[in-house]
Each structure stands twice: as structure tokens, then as C-alpha cells.
Amino acid sequence: MTPTLQEKSEAIIQKIQGAVVAPYEVIRLAALGLICQGHILVDDFPGVGKTLLAKSLAGSITAVFKRIQFTPDLLPTDITGGDVYDQKQGKFNFVAGPVFGNIILADEINRATPRTQSALLEAMGERQVSCDGVIRPLPELFFVIGTQNQVDFEDTFSLPYAQLDRFMLSLQLGYPGVNEQVQILERNRLGEPGVEPVATVEEIVELHKLVLGVEVSLPVMEYISRIVLETRSHPQILIGISPRGGVALQRAAQGHASLCGSTYVRPDDVKAVAEPVIRHRLVLRSAQNGHLGELIRDILDAVPVPV
């Protein structure tokens, strides 16, 4: 009997939980991004497990995992690859960069210059790389996990809005409590915990198709559209959600519905994923990022729910 989307997703979540001590909802959202083929940005303090989350998610799948450590001297070709002269053949051959993988960890992405950061724009948006006039498609499963720290801003470059908008979800792990810290110590006493794969690339691609098959009714589409418009007219928000962000909200709601075993999207599915989808897309008129959660809830309360 073929495992359902719920069963396969839960198996991935459980594998990640065996290595990462983090709230279940955060790990579930990471898995949600994977089955929706929507890139995720993990924005939190150093040392809370951002990289471990990415490595564990990749380890749960028999996929090609590439890690790119972003630094100020990293060049665009260090990501995409480029033409290298072959003396024996007397010609240039393209050597693929680490972006040609299935799951890409863009670690400390805000430490690279804007020129280097932009090397990921086409890859994340179009799932292809253009080099010397040649367009090279990326694998069918192409999933970027970006990380950045909330402190230590020296020698960093804020991600441009266009790139932030290409991440479907933004996640925060937070600091662990006493019991969670004990679990971390126990799991790391003999070294960093590993994760065994429970899914193949082909199975994840099939999950993508199942998510796309989740029905979204016209009233729910209108509900999503009103939420998007509300962010653009709110007095505290300078820049609201883009049309791409509206599509991301719908896709994430489809993924949430499928994880719940539903074949159609309800307004509650939209509400459940609204904050991680919207949070990083809002540009406020004043620095009040600590109140973003409350602001997003106010926006949701202001939009009538279809019945």
C-alpha cells in the first residue's frame, strides 16, 4: 500500500524531531515548505539549530544536498558555476556550481554581497541558471533553505525585498527551555545526531503534485486576495504583500490542508500559515518587528471570513 501524503510527511517530521530539538510546529512548517516546493528562510539567533534543521531535513530524503557558506568574498560563480578552460580539449566547459542540487543550504545568506545574493534570484524564481547566454535547468526537486542571524550585523548585507519575496516561509526556532536544553545535551553527548532517509526525490515530486491538486474555491481565493489588499492599505505598513506573496499564501494553505488530510482549502488553513508566509514580506513604516505577529493577527481579524 502506497503511503499517503500525511504518512510520508509525518515520517519526515519524526526523523527531523529525532535530531532537532525545536517546537513541533516549526518542524512541521519546514516539511510544509518542502512538499509545497517553497523555499524557507530561518531567521534566528546563532546556535539555536538553524543549520541542523536544514541538514536534518535534507538527510530525511535521498537527495543531493549542497551547503553554501556565504561570506563577503563569495562570488556569483561560486554558486552557479561557470565556464572553465580545458587545456586537453582546447575549449571551455561548464562546471556546475553547488546550486545544481536538490536541497541547498544557503548558510548565513546575508553575509554575501548583494551581487552574490542575486545569483540565487533566478534559481529560486525560475528554477534555472543563465550563464554566458545558456539557460541550464535545475533539478525537478530544487529547495533552498536560507539562514541568517538576528545579531552580529557587521559585514552583513540585508536581503533585498525581491529575494525575501522568493522565500515562501520564514521560520524562527527560538531559545530552548531547561527540559529542551537537557534533550540537546543528551542527543549531542556522543556527537551530532544523524538522520536516515525515509523518502526519495521521486516521492517528494509526487507530493508536490498532490499539493497542487488540493482545491481552492473562489470564496477562499477572494479571502486570500482581501488579506493581501489589507496589508497594502494598513497605516503601519509601507510595503504590503506582492502578488507573488499571495500565490505563496495560497500554495502554503494548500499544503496545510493536505497535511490535515483535506482535499480542499478552508479559511482556517489560510490563517494557520499566514504569519510565516507574511512576516518577512512586510516593510513597516517604523521599526516594530517585535509586534509583527500582533499586526498580522489584526490584519486577519479585519478581513471577513467566508462562510
Side-chain angles (χ1 to χ4, degrees), residues 9 13 22-44 50 53-54 57 106 109 124-125 143-148 159-174 207-208 211-212 214 216 220-234 236-260 262 264-284 289-303 305-306:
S9 300
I13 292 170
Y24 174 82
E25 188 57 32
V26 173
I27 296 176
R28 190 171 185 268
L29 284 171
L32 173 67
L34 177 67
I35 67 170
C36 291
Q37 205 169 16
H39 314 297
I40 62 175
L41 178 66
V42 188
D43 184 8
D44 214 322
K50 299 187 298 295
L53 174 64
L57 181 60
I109 189 172
M124 294 174 65
F143 181 59
V144 175
I145 305 172
T147 74
Q148 63 179 3
L159 293 179
Y161 184 85
Q163 185 151 2
L164 284 173
D165 201 31
R166 281 168 168 78
F167 287 102
M168 175 180 283
L169 304 167
S170 64
L171 310 180
Q172 294 178 335
L173 282 77
L207 296 187
H208 294 163
V211 169
L212 292 176
V214 175
V216 186
V220 172
M221 289 184 185
E222 292 174 344
Y223 178 58
I224 293 172
S225 300
R226 291 191 179 98
I227 292 173
V228 170
L229 292 177
E230 183 68 21
T231 67
R232 298 175 190 164
S233 59
H234 197 283
Q236 296 183 40
I237 299 174
L238 181 62
I239 300 177
I241 305 175
S242 69
R244 183 194 290 122
V247 173
L249 182 55
Q250 175 177 265
R251 183 66 50 78
Q254 286 177 290
H256 186 272
S258 64
L259 285 178
C260 296
S262 177
Y264 61 94
V265 174
R266 301 177 178 87
D268 285 345
D269 295 312
V270 178
K271 288 184 176 182
V273 297
E275 186 170 341
V277 171
I278 295 174
R279 182 192 299 124
H280 59 292
R281 289 184 160 88
L282 299 183
V283 178
L284 304 185
N289 289 336
H291 302 289
L292 266 177
E294 182 179 343
L295 178 59
I296 293 170
R297 286 189 291 273
D298 289 343
I299 290 171
L300 294 176
D301 290 341
V303 179
V305 177

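- No donor-acceptor pair closer than 3.5 Å links the side chain of Arg281 to the backbone N or O of Gly240.
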- Message: Could you walk me through whether Leu300 and Ile227 satisfy the side chain to side chain contact (heavy atoms under 4.5 Å, CB included) test, starting with their C-alpha distance in whole Å, then the side-chain angles of each, then the deciding distance to 0.1 Å, before giving a yes or no?
- Response: CA-CA 7 Å; Leu300 294 176; Ile227 292 173; 3.6 Å; yes
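- Side-chain atoms of Ser242 and Asp165 include a donor-acceptor pair closer than 3.5 Å.
- Between Val42 and Gln172, the closest side-chain pair of non-hydrogen atoms is not below 4.5 Å.
- Taking every heavy atom of both residues into account, Ile40 and Gly33 meet most closely at CG2-CA, 4.2 Å.
- Taking every heavy atom of both residues into account, Ala253 and Asp269 meet most closely at O-CB, 3.8 Å.
- For the pair His256 and Arg251, the minimum side-chain heavy-atom distance is 4.5 Å or more.
- Here the side chain of His39 pairs no donor or acceptor atom with the backbone of Phe167 at under 3.5 angstrom.
- For the residue pair Leu249 and Ala274, the shortest heavy atom distance occurs at CD1-CA, 3.9 Å.
- In this structure, CG in Leu57 is found 5.5 Å from CZ in Phe143, a value given to the nearest 0.5 Å.
- Ile224 CD1 to Arg226 CZ: the interatomic distance, rounded to the nearest 0.5 Å, is 11.5 Å.
- Using a distance-only test at 3.5 Å, with no hydrogens or angles considered, a donor-acceptor pair links the side chain of Gln254 to the main chain of Val214.
- The shortest side-chain heavy-atom distance between Gln148 and Leu41 falls under the 4.5 Å cut-off.
- By the 4.5 Å heavy-atom criterion applied to side chains, Ile237 and Leu295 are counted as neighbours.
- Taking CG of Leu207 as the start and CG of Leu212 as the end, the distance is 11.0 Å to the nearest 0.5 Å.
- Side chains of Leu259 and Leu32 form a contact here, defined as non-hydrogen atoms less than 4.5 Å apart.
- Residues Met168 and Cys36 form a side-chain contact, since some pair of their non-hydrogen atoms from C-beta on lies under 4.5 Å apart.
- Distance check: Leu229 CG to Ile299 CD1 gives 11.5 Å after rounding to the nearest 0.5 Å.
- In this structure, NE2 on His280 lies 8.5 Å from OH on Tyr161, to the nearest 0.5 angstrom.
- Considering only heavy atoms from C-beta on, Ile109 stays 4.5 Å or farther from Thr147 through its side chain.
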- Message: For a side chain to side chain contact (heavy atoms under 4.5 Å, CB included) check, start with the C-alpha distance between Val265 and Met221, then their side-chain angles and the critical distance, and finish with the verdict.
- Response: CA-CA 10 Å; Val265 174; Met221 289 184 185; over 6 Å; no
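- For the pair Gln236/Leu282, no side-chain contact is recorded, criterion being any heavy-atom separation below 4.5 Å from C-beta on.
- Separating the CD1 atom in Ile239 from the CZ atom in Arg232 is a distance of 11.5 Å, to the nearest 0.5 Å.
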